[in-house]
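In this chain, residues are counted from 1 in sequence order.
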Amino acid sequence: MGRATTTVRRRLLTVPVLAGLLTGLVSGCGIRATEVPTDFGAAPSRARCSLPEPDVTAQSGRAGVPVQVFLLCGSSLVAVDRSVRVPDGTADSARRALVAQGLLDQLAESPSAAEKAAGYTTDVRGGMSVRGPSPKDPDDALRLSTSPGSLTSYALAQLVCTFSDSAAAEGDGVILAGPAPDPLRRYECTDEVRTRPGSAEPPSSAVADGG
């Protein structure tokens, strides 16, 4: 009777040991054992380059003309909503320059906290200005206070794509130059520029005076 009891006890003690050895072997072979779900904390709050739905109430209270500007995110250009102020009754020529300056100011501003958290940045620096055409320039020309050639490829791509997709430009692309007599060039925002702004500069072509 004593020997039988001892045998049973030994077998009972052996079961947990064998279970531990089997678990170690299974883990060592790369096979995941069944686990109880564990709470490792909150998941990341936002996917990269993904912004929450806009606040309709905030948008309705935002004064100005709705526009979009291109910011940098994930090595690409991504459009985000903004607004610029343009007085009612402004002539088309003056309106184009006002819109362009408003877009430039928006690009130079630091992204919002939500945009920063999602990975948005800008390479456009503050202090730049833009005005309409000089006397001999085409009507849709825009002259920056800095020559486009002195901008980084990222900043130039942001400007070109933002201006091209707005009321600041007419037709295909946008005509840009620095202060006169800096030569005018027509820049285009292509798919390649949007996806690789750091390595693909906006294609451009020379523009003659007056057209």
Side-chain angles (χ1 to χ4, degrees), residues 49-73 76-135 137-146 148 151-152 154-179 184-191 193-195 197 202 204 207 211:
C49 301
S50 176
L51 293 172
E53 289 296 321
D55 186 341
V56 177
T57 304
Q59 280 194 336
S60 61
R62 182 187 297 172
V65 178
V67 296
Q68 286 190 322
V69 300
F70 282 88
L71 299 181
L72 298 166
C73 193
S76 300
L77 293 181
V78 183
V80 297
D81 294 328
R82 293 287 190 271
S83 65
V84 297
R85 292 178 178 274
V86 179
D88 293 336
T90 303
D92 288 345
S93 57
R95 181 185 180 85
R96 191 178 300 115
L98 285 174
V99 170
Q101 184 63 58
L103 293 170
L104 183 59
D105 293 341
Q106 293 289 348
L107 286 171
E109 281 190 6
S110 178
S112 67
E115 290 166 347
K116 285 181 179 179
Y120 286 80
T121 62
T122 182
D123 213 44
V124 177
R125 299 295 174 254
M128 272 199 301
S129 61
V130 59
R131 62 176 180 78
S134 295
D137 293 345
D139 292 340
D140 55 345
L142 295 171
R143 286 194 173 271
L144 302 169
S145 58
T146 301
L151 301 176
T152 66
Y154 291 105
L156 182 59
Q158 284 184 262
L159 282 177
V160 169
C161 289
T162 297
F163 286 166
S164 297
D165 196 36
S166 74
E170 289 185 356
D172 297 329
V174 58
I175 299 177
L176 294 176
L184 296 165
R185 299 191 68 83
R186 183 180 293 276
Y187 294 86
E188 297 180 24
C189 177
T190 63
D191 290 339
V193 172
R194 288 190 182 95
T195 55
S204 64
V207 175

Side chain to side chain contact (heavy atoms under 4.5 Å, CB included) with Asp140: which residues, sequence neighbours excluded?
-> Arg96, Pro138, Glu170, Ile175, Arg186
Separation of [Y] [atom2] from [X] [atom1] (nearest 0.5 Å):
X	Y	atom1	atom2	answer
Cys161	Gln68	SG	CD	12.0 Å
Asp137	Arg131	CG	CZ	7.5 Å
Glu115	Cys73	CD	SG	9.5 Å

Contact summary for [X] and [Y], nearest pair of heavy atoms:
X	Y	value
Leu156	Pro148	CD1-CB, 4.0 Å
Leu142	Ala100	CD1-CB, 3.9 Å
Ala169	Ser164	CB-CA, 4.2 Å
Tyr187	Pro202	CD2-O, 4.0 Å
Thr90	Leu98	CG2-CD1, 3.8 Å
Leu176	Phe163	CD2-CD1, 3.9 Å

Check step by step if side-chain contact (heavy atoms from CB on, under 4.5 Å) holds for Leu77 and Gln158.
-> CA-CA 7 Å; Leu77 293 181; Gln158 284 184 262; 3.8 Å; yes
Pairs in or reaching into residues 119-128: which pass salt bridge (charged side-chain N to carboxylate O under 4.0 Å, His left out), with residues at least two apart or in two chains?
->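 Salt bridge (charged side-chain N to carboxylate O under 4.0 Å, His left out) check on residues 119-128 returns Asp123-Arg125.
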Measuring only between side-chain heavy atoms, which start at C-beta, is [X] closer than 4.5 Å to [Y]?
X	Y	answer
Ser76	Arg194	no
Val69	Thr122	no
Leu103	Gln106	no
Val65	Arg95	yes

Report the C-alpha separation of Leu151 and Met128 in whole Å, then their side-chain angles, then the decisive distance to 0.1 Å, and conclude whether the side-chain contact (heavy atoms from CB on, under 4.5 Å) test is met.
-> CA-CA 11 Å; Leu151 301 176; Met128 272 199 301; 3.9 Å; yes
Sub-3.5 Å donor-acceptor pair from the side chain of Ser83 to the main-chain atoms of Gly64, do we have one?
-> no
Does the Tyr120 side chain pair with the main chain of Leu72, one donor and one acceptor, at a distance under 3.5 Å?
->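 Not a single qualifying donor-acceptor pair exists.
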Candidate pair Asp165 and Cys189, rule side-chain contact (heavy atoms from CB on, under 4.5 Å), full reasoning = CA-CA 9 Å; Asp165 196 36; Cys189 177; over 6 Å; no
Before giving the answer on side-chain contact (heavy atoms from CB on, under 4.5 Å), spell out for Tyr154 and Thr121 the whole-Å C-alpha distance, their side-chain angles and the decisive distance to 0.1 Å.
-> CA-CA 11 Å; Tyr154 291 105; Thr121 62; over 6 Å; no
